[in-house]
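Taking it in order: structure first as structure tokens, then the write-up.
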Amino acid sequence: MTSRGSELGWLLDDLVQQVVGADRAVVLSADGLLMGNSSNMAAEEAEHLSAVASAFQSLAKGTGRQFGGGGVRQTLVEMDHAFLFVTAAGSGACLALLTSADADMGMVAYSMNMMVKRVGAVLSAAPRA
């Protein structure tokens with residue numbers, strides 16, 4: 001992992017430890033490139049979660065454009081045993097958090113948004129050339 005990935009790693013580890021029900025976290029560029037992940041994830045898992053989060057965020061953005069909904073702040077996927085939250089984080093980046101199904105959705109969303117407000121500049125991703 002790059003030094004930036006390591007820097008993000010401890011932030012993501014802190015988020016996972018502080019949010020009740022949180023399991024895994026990644027930061028990704030808008031085009032799905034993994035920028036950092038919590039330490040409890042294998043590299044393949046982190047890459048997969050980044051790709052999934054990017055796809056959901058992209059679909060939500062397309063829906064917002066097509067139907068006049070505006071920009072996408074957060075995407076939520078509810079599964080039988082888990083939630084996937086994806087939120088815009090800094091310029092050109094997203095924060096994705098996988099939680100248990102019994103996580104407090106309001107607290108998760110609040111915690112993610114507070115993290116983005118505190119460290120959004122670190123989470124930003126410049127467009128790839």
Side-chain angles (χ1 to χ4, degrees):
M1 188 181 297
T2 66
S3 63
R4 182 170 179 183
S6 300
E7 185 177 306
L8 293 174
W10 77 264
L11 288 168
L12 297 170
D13 285 342
D14 187 55
L15 180 67
V16 168
Q17 291 168 4
Q18 298 299 317
V19 177
V20 176
D23 185 39
R24 295 177 175 106
V26 296
V27 173
L28 56 136
S29 65
D31 59 356
L33 181 67
L34 177 66
M35 297 168 55
N37 57 276
S38 55
S39 62
N40 61 341
M41 300 182 76
E44 299 81 28
E45 271 187 323
E47 293 285 346
H48 185 85
L49 186 57
S50 291
V52 168
S54 175
F56 282 126
Q57 197 73 346
S58 179
L59 288 168
K61 285 179 182 178
T63 302
R65 280 191 304 271
Q66 178 67 31
F67 298 104
V72 175
R73 295 184 197 151
Q74 188 172 62
T75 305
L76 170 66
V77 178
E78 183 178 4
M79 297 165 267
D80 288 339
H81 307 290
F83 289 112
L84 172 61
F85 293 82
V86 184
T87 191
S91 176
C94 295
L95 169 63
L97 184 65
L98 195 61
T99 73
S100 62
D102 60 350
D104 180 333
M105 292 180 5
M107 235 11 236
V108 171
Y110 173 79
S111 297
M112 290 176 75
N113 285 312
M114 291 306 295
M115 180 182 173
V116 168
K117 285 183 181 180
R118 282 193 319 264
V119 296
V122 176
L123 301 178
S124 297
R128 288 196 280 178

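The structure displayed is predicted, hence computed values, not measured ones. Numbering starts at 1 and runs along the sequence shown. Computation of the quantities below employed the complete heavy-atom set of this structure, encompassing side-chain atoms and omitting hydrogens, waters and symmetry-equivalent molecules.
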Review point. Between T87 and R73, is there a donor-acceptor pair closer than 3.5 Å when you use the side chain of the first and the backbone of the second?
Key: yes
Exercise for review: For residues V108 and M112, determine if any side-chain heavy atom of one lies less than 4.5 Å from a side-chain heavy atom of the other.
Suggested key: yes
Check your understanding: Just wondering, do L34 and L28 contact through their side chains at under 4.5 Å, heavy atoms?
Key -> no
Revision key, fill the gap. Residues V16 and D23: closest non-hydrogen pair is CG1-O, 3.5 Å
Point to revise | Residue among L97, L76, V52 satisfying side-chain contact (heavy atoms from CB on, under 4.5 Å) with L84 | key: V52
Review point. Do the non-hydrogen side-chain atoms of L49 and M41 ever get within less than 4.5 Å of each other?
Key: yes
Review point. Can you check whether F83 reaches V77 side chain to side chain, under 4.5 Å on heavy atoms?
Key: no
**Study point:** Interatomic distance, S38 atom OG to D13 atom CG [nearest 0.5 angstrom]
**Key:** 6.0 Å
Practice item. Give a yes or no answer on whether the side chain of D14 reaches the backbone of W10 with a donor-acceptor pair at less than 3.5 Å. Key: no
Check your understanding: Looking at G106 and D104, what are the two nearest heavy atoms and their distance?
Key -> N-OD1, 3.0 Å
Exercise for review: Identify the two heavy atoms, one from A96 and one from A53, that lie closest to each other, and give their separation to 0.1 Å.
Suggested key: CB-CB, 3.7 Å
Point to revise | Side-chain (Q57) to main-chain (S54) donor-acceptor, under 3.5 angstrom | key: no
Review point. Tell me, do L95 and L12 make a side-chain contact under 4.5 Å, heavy atoms counted?
Key: yes
Revision key, fill the gap. Output for pair (D31 CG, S50 OG), nearest 0.5 Å, gives 10.5 Å
Review point. Linking I/L/V/M/F/W/Y whenever their side-chain heavy atoms sit closer than 4.5 Å, directly or via other members, would V26 and M79 fall into one cluster?
Key: yes
Exercise for review: Give, for atom CG of L8 and atom CG of L15, the distance between the pair rounded to the nearest 0.5 Å.
Suggested key: 12.0 Å
Exercise for review: Evaluate the side-chain proximity of M35 to S29: yes if any heavy-atom separation is below 4.5 Å, no if none is.
Suggested key: yes
Review point. Rest of the hydrophobic cluster containing Y110 (Ile/Leu/Val/Met/Phe/Trp/Tyr, side-chain heavy atoms under 4.5 Å)?
Key: M107, M114
Review point. What distance do S111 atom OG and F85 atom CZ have between them, rounded to the nearest 0.5 Å?
Key: 10.0 Å
